[in-house]
Protein chains: 2
Amino acid sequence: MSGFLQDFWFSITRPRRGRPKLELDSSTLQTVAVLAEQENRAPDEVAAELLQAGLRDRQETVMAQLLWQCLTPREQDVTALICQNLTTRQIAARLYLSPDTVKTHARHILDKFNVPNREALRQMLSGWDFSAWA
Amino acid sequence: MSGFLQDFWFSITRPRRGRPKLELDSSTLQTVAVLAEQENRAPDEVAAELLQAGLRDRQETVMAQLLWQCLTPREQDVTALICQNLTTRQIAARLYLSPDTVKTHARHILDKFNVPNREALRQMLSGWDFSAWA
DNA sequence: TTGACAATAGAACTTTAGTTCTATAAAATG
DNA sequence: CATTTTATAGAACTAAAGTTCTATTGTCAA
């Protein structure tokens with residue numbers, strides 16, 4: 001058995017109740033293999049890297065969600081529209097404010113998320129769904 | 001055996017020579033399991049999603065690399081520095097140009113990559129290593 | 001050789017975001 | 001109740017990016 005099979009078999013045989021099973025379709029595995037071959041690396045290494053990168057993203061999402069809860073309702077509105085790539089003017093028109101007011105909210109938002117600019121905010125929340133503010 | 005084990009076992013027993021083995025450390029698997037539990041989803045579903053997202057990123061990189069080849073040497077310089085978040089002024093000082101010239105190059109770069117602004121360019125090349133231009 | 005094109009360089013002007021400040025009303029606190 | 005804090009709103013100014021244009025030189029094709 002390969003090291004992976006050993007590990008997996010070991011985790012299955014451990015006395016754990018209701019442990020979920022890890023099941024991937026073979027096409028994903030094959031794509032990993034193809035990519036690994038292109039990069040001259042072991043597929044398990046590539047897969048681990050991809051998984052770990054994805055997991056890191058998710059953990060950052062948890063942090064961002066906590067910070068989101070610290071926003072006022074108005075700030076959440078402005079955040080959502082910023083992340084949908086609306087300009088200050090567009091946001092102002094949408095929320096019936098002056099552009100300067102939008103910038104004030106943006107200032108507060110960036111401070112609460114501790115990011116240097118709107119781009120960094122958008123990057124931080126890039127996987128979020130803001131369609132409720134469409 | 002789980003479905004994954006079946007698939008994997010099946011791929012191993014197929015008459016393929018030198019097929020690489022997929023091997024992940026158990027801590028990664030456990031992290032996937034924890035995340036899946038938080039999201040009330042099956043771990044194999046989460047893992048597949050993470051892998052597929054990562055693979056999609058890699059494919060976009062291939063396209064970007066083709067476009068990168070279309071850049072002139074100067075444009076590649078400017079692209080690298082833009083992606084390291086340098087301002088126009090900083091880039092101009094680094095390359096001994098006027099800021100307006102940097103903006104001209106940027107214009108050409110954005111056109112060649114078919115992106116609307118520098119932020120989109122940085123997003124597109126976010127996984128690249130530009131340390132050679134440090 | 002001449003003209004077209006590409007690479008490199010730069011300028012004037014506009015738009016947008018960022019920075020620092022002021023102001024008011026409502027809510028919280030002592 | 002008086003004061004402080006917070007949320008919301010806005011303004012003046014600056015920095016940065018974006019847009020459209022001009023200019024020169026080298027290369028290439030007719």
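Here is how names work: the chains are called A, B, and so on, in the same order as the sequence lines, proteins then strands, and each is numbered from 1. This structure is a prediction, so every number in the text was calculated from the model and none was measured. Only this structure's heavy atoms are used, side chains among them; waters, hydrogens and symmetry mates stay out.
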Between CG of B/Leu95 and P of C/dA7 the distance, given in whole Å, is 17 Å
Would you mind reading off the distance between A/Lys103 atom NZ and D/dT14 atom P, rounded to a whole angstrom?
-> 13 Å
Given D/dA7, C/dG10, C/dT20, the nucleotide with the shortest approach to the side chain of A/Arg107 = C/dT20
Just wondering, are more than 12 heavy atoms of other shown residues or ligands nearer than 6.0 Å to CG in A/Asp111?
-> yes
May I ask you to check whether over 12 heavy atoms, not counting those of B/Arg89, lie within 6.0 Å of atom CZ?
-> no
Taking the side chain of B/Asn117 as heavy atoms from C-beta outward, which of C/dG18, D/dA9, D/dG18 is closest to it?
-> D/dG18
Output the single nucleotide from C/dA7, D/dG10, C/dA12 whose closest atom is nearest the side chain of A/Asp100.
-> D/dG10
Whole-Å gap separating C1' (D/dT19) and CD1 (B/Ile109) = 16 Å
Compare the minimum distances between each of C/dG18, D/dT8, D/dA17 and the side chain of A/Thr72, then state the nucleotide with the smallest one.
-> D/dT8
NA contact type, A/Thr104, heavy-atom cut-off 4.0 Å: base, sugar-phosphate, or nothing?
-> base
How many Å lie between CG on B/Leu71 and P on C/dT8, as a whole number?
-> 10 Å
Euclidean distance, atom CG of residue A/Leu97 to atom C1' of D/dT8 [Å, nearest integer] = 9 Å
Just how far is it from atom CZ of A/Arg118 to atom OG1 of A/Thr79, taken to the nearest 0.5 Å?
-> 10.0 Å
Phosphate OP1/OP2 of D/dA9: any A/His105 side-chain N/O under 4.0 Å = yes
From the list C/dA7, C/dT8, D/dG18, which nucleotide is the closest neighbour of the side chain of B/Lys112?
-> C/dA7
Using atom CG of B/Leu86 as one end and atom P of D/dA15 as the other, report the distance to the nearest whole Å.
-> 18 Å
Can you tell which of C/dG18, C/dT16, D/dG18 lies closest to the side chain of A/Arg89?
-> C/dT16
Determine whether A/Leu86 and B/Val115 fall in the same hydrophobic cluster, where Ile, Leu, Val, Met, Phe, Trp and Tyr are linked whenever their side-chain heavy atoms lie under 4.5 Å apart.
-> no
Which residue, B/Tyr96 or A/Thr87, contacts DNA chain C at a nucleotide closer to its 5' end, judged by nearest heavy atom?
-> B/Tyr96
For A/Glu119 and D/dA17, give me the distance from atom CD to atom C1', rounded to whole Å.
-> 12 Å
How many angstroms lie between CD in B/Gln69 and CD in B/Gln76, if you round to the nearest 0.5 Å?
-> 6.5 Å
Nearest-angstrom distance from the residue atom NE2 of B/His108 to P of C/dC5 = 15 Å
Short side-chain N/O contact from B/Arg74 to OP1 or OP2 of C/dA6, under 4.0 Å = no
Choosing from D/dA11, D/dG18, C/dG10, which nucleotide comes nearest the side chain of B/Thr101?
-> C/dG10
Does A/Ser98 put a side-chain nitrogen or oxygen below 4.0 Å from OP1 or OP2 of D/dA9?
-> no
